[in-house]
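Working notes, beginning with the structure itself.
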Amino acid sequence: MYTPEAQRRLFDLSKKILKDTTIPNPLEAAALSTALKEVIVYHEHRYYVLDNPIISDYEYDMLYKKLQSLETLYPNLKTLDSPTQRVSDDLTGAFQSVPHQIPMLSLDNSYNAIDLNDFDAQVKKTGLIATDVEIEYCVEPKFDGGTIVLLYENDVLIRAATRGDGKNGEEMTANARMMRSIPLGAAFSKHGIYKAELRGEALIRKDVFEKVNKKREEDGETLFANPRNAATGCLRTKHPADVAERGLEAFVYQLGYAVDKEGNNRLEKFKTHHETIALLGDLGFKIPETETKICKNIAEVSDFCNEWQEKRDRYGYEIDGMVVKVNDLATQNRCGFTSHHPRWAVAFKFKAKQATSKLLNIEYQVGKVGSVTPVAKLEPVQLAGVTVSSVSLHNEDFIRSKDLRIGDTVLVERAGDVIPYIVKAMEELRDGTEKAVEFPKFCPVNTQEKVKLVRTGTEAAWRCPNCTCGMQDMQRMIHHVSKDAMDMEGLSESTVRRFQQVGWLKNISDFYQLDYAKIAKLDGFGKRSAENIQKAVEKAKQNPIQRVLYSLCIHHLGRKVSKLLAAELGHVVELKDWDLARFTAIKDVGPVVAANVIAWFENEKNIAILKEMEVLGVNMKPTAEDAKPAVATDGVLAGKTILFTGALTQYTRETAEKAAAAAGATIASGVSAKLNILVAGEKAGSKLKKAQTLGTVQILSEQAFIDLLN
Ligand code: IVH
């Protein structure tokens, strides 16, 4: 429908409009509204018809809002074909179109407390409520799946449809009948209701989605991009059996229409939205119950929305926001509707997790063990509340597998706390000027000496085997003082760089012979900062040797193995006499890390540095913290393997694990045949199911676990 050239033009135009914050004069307004209409129609097609959007929902919403406010300012621009004059459309023409009992509108959006306050003020105005009266809201998750509209007559499901254009939907009764969470019959008549129309959302649980995609991969089928695509695809499948196989479920969130045999409105019998939802729950529908809160005012709504923004990633289903609804139905009626949305409800949209940006360049960083990491430099873009302009590309294979090219428009994602990553390049937006990536053959820092990079068998990274430029030394020193290593607060990365530049730091032993008087005189420093650095260094000298070992930057030697080794030593330098067997006799110490430690301690220069550090006062002998934890062989959990899942209410996960370990248990990392006990907290999910199917695992509640310990 759109040529590649047209797509590029519309994409660039969208970005340009989004960036422009100037207020147009009447002449510019006309041109801008034409442009906005064109790009919005394009993005709606990509989103609703192709299920393949190329801008984030947030960006789409911003375009839409821009057009809306332009049309408010200049009403003559509001043409009949404007996207604001109808609700968006997912009709493809492949299914039979059926009318809804009442139109299914969209929702207006809000993004922060200010927007919510504006909404609250609007509700009071249109709902004829005094400004000092608090309004009660019912707040539910905004499920990110496919809308379904269910029609019941005489207690039987007679029709199911998608949302379509809001007035008519696509009939998909056969598919809905395959969803176990949709009752085929429901006793509406007990409540005097003869005909009822319900709205809800069809969804696939995130863990089920993973399995569905895994199977598709095995079967050589194309993968779904996300649970929403899987759900909407499944709603419109021509093979109802797919629906059951893919585990499609449905939540209902609105009783939109309810009449008795004579056609009298039965909704009037209910006082609140929440009551209607509770009724649907009683009738056997799946409703958002524990996820919903009745808030007594808009401030509470705002807090609840923020709380969910934080925990959305831990929830079993994809949600992209919360829906805030006036709870009192009489007030809802007074507020009424615009042509686009009800005035009594608003969506609170979470910060976008995905966005597109341009891959401007790739820079190469040399790490502490010489690994060369490519880093994508992007046009800055907002993602889930932070500006992202640099994203790690991990290694050469990552770049090749995604066929990334300089100049590409790329899709970037930041899920939860996870570091942002590049999902894909938008091939359809290429214009031929994109350049293939040439991974460096030589050290990217020391460009004069041409040090050849090497890549050994199993490793994904190219490494600089023989650093002569000081880069690796610097990275090592930065690691040495970092929080998990020697933890020298006050010695930031930039301070380390600065001290290396002025020649005070060549290797890690130099940290323990800094001249504090000189530091106090250095530009940008002073007596106070010199003192702070001295304090941090003095404190670090007393560190347990597990920190010392970890601070040495031995390839693959992480905190865990550092701790295991520390527990076996009388002095750090003893490691120089250890052979491979001595290392690998320790559980969890493998031959690769062992070989690296051996090689490090064989190097005389390294031993000299350690000895110098010891002379300068750095502790090299195990402290109490390094001692092996006494295994409680007589503890109640001695010899048992235990795992915690779900949310614990009395303990944090960490303290629960500590308590279990103190009672002699080993903490498992997953459910397997070796697992003896699973402690299942609230909302335990797939791990609990798996343990139940295994049948060999003892399953305890949090309370039962505490009772056992006591
Ligand atoms: S209420 C009159 N509640 O959001 C509108 N909608 O634009 C009534 N959605 O695609 C909608 N979760 O399917 C409502 N708890 C919820 C929702 C919800 C998801 C979807 C709905 C539609 C869009 C509304």
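In this text the structure is predicted, and so the values were computed from the model without any measurement. For ligands, and for the atoms within them, numbers begin at 1 and follow the listed sequence.
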Give a yes/no verdict on a cation-pi contact between Lys286 and Phe251, requiring under 6.0 Å between NZ or CZ and the six-membered ring centre and an angle within 45° of the axis.
yes

Looking only at side-chain N and O atoms, does Tyr58 offer a donor or acceptor that is under 3.5 Å from a partner on Asn109?
no

With side chains defined as the heavy atoms from C-beta onward, is the minimum distance between Leu10 and Glu38 less than 4.5 Å?
yes

Does a donor on one side chain sit under 3.5 Å from an acceptor on the other, for Thr356 and Lys15?
yes

Please check if any side-chain donor atom of Glu428 sits under 3.5 Å from a side-chain acceptor atom of Gln7, or the reverse.
no

Does the ring center of Phe209 lie less than 6.0 Å from the ring center of Tyr317?
no

Polar pairs, ligand 1 vs protein, N/O only, below 3.5 Å.
from: ligand 1; atom 1: 3 (N); to: Lys325; atom 2: NZ; distance (Å): 3.1
from: ligand 1; atom 1: 4 (O); to: Lys142; atom 2: NZ; distance (Å): 3.2
from: ligand 1; atom 1: 7 (O); to: Leu107; atom 2: N; distance (Å): 3.2
from: ligand 1; atom 1: 10 (O); to: Thr147; atom 2: OG1; distance (Å): 2.9
from: ligand 1; atom 1: 12 (N); to: Phe143; atom 2: N; distance (Å): 3.0
from: ligand 1; atom 1: 13 (O); to: Thr147; atom 2: OG1; distance (Å): 2.8
from: ligand 1; atom 1: 13 (O); to: Glu201; atom 2: OE1; distance (Å): 2.4
from: ligand 1; atom 1: 13 (O); to: Tyr253; atom 2: OH; distance (Å): 2.6
from: ligand 1; atom 1: 15 (N); to: Glu140; atom 2: OE1; distance (Å): 2.8
from: ligand 1; atom 1: 15 (N); to: Pro141; atom 2: O; distance (Å): 3.0

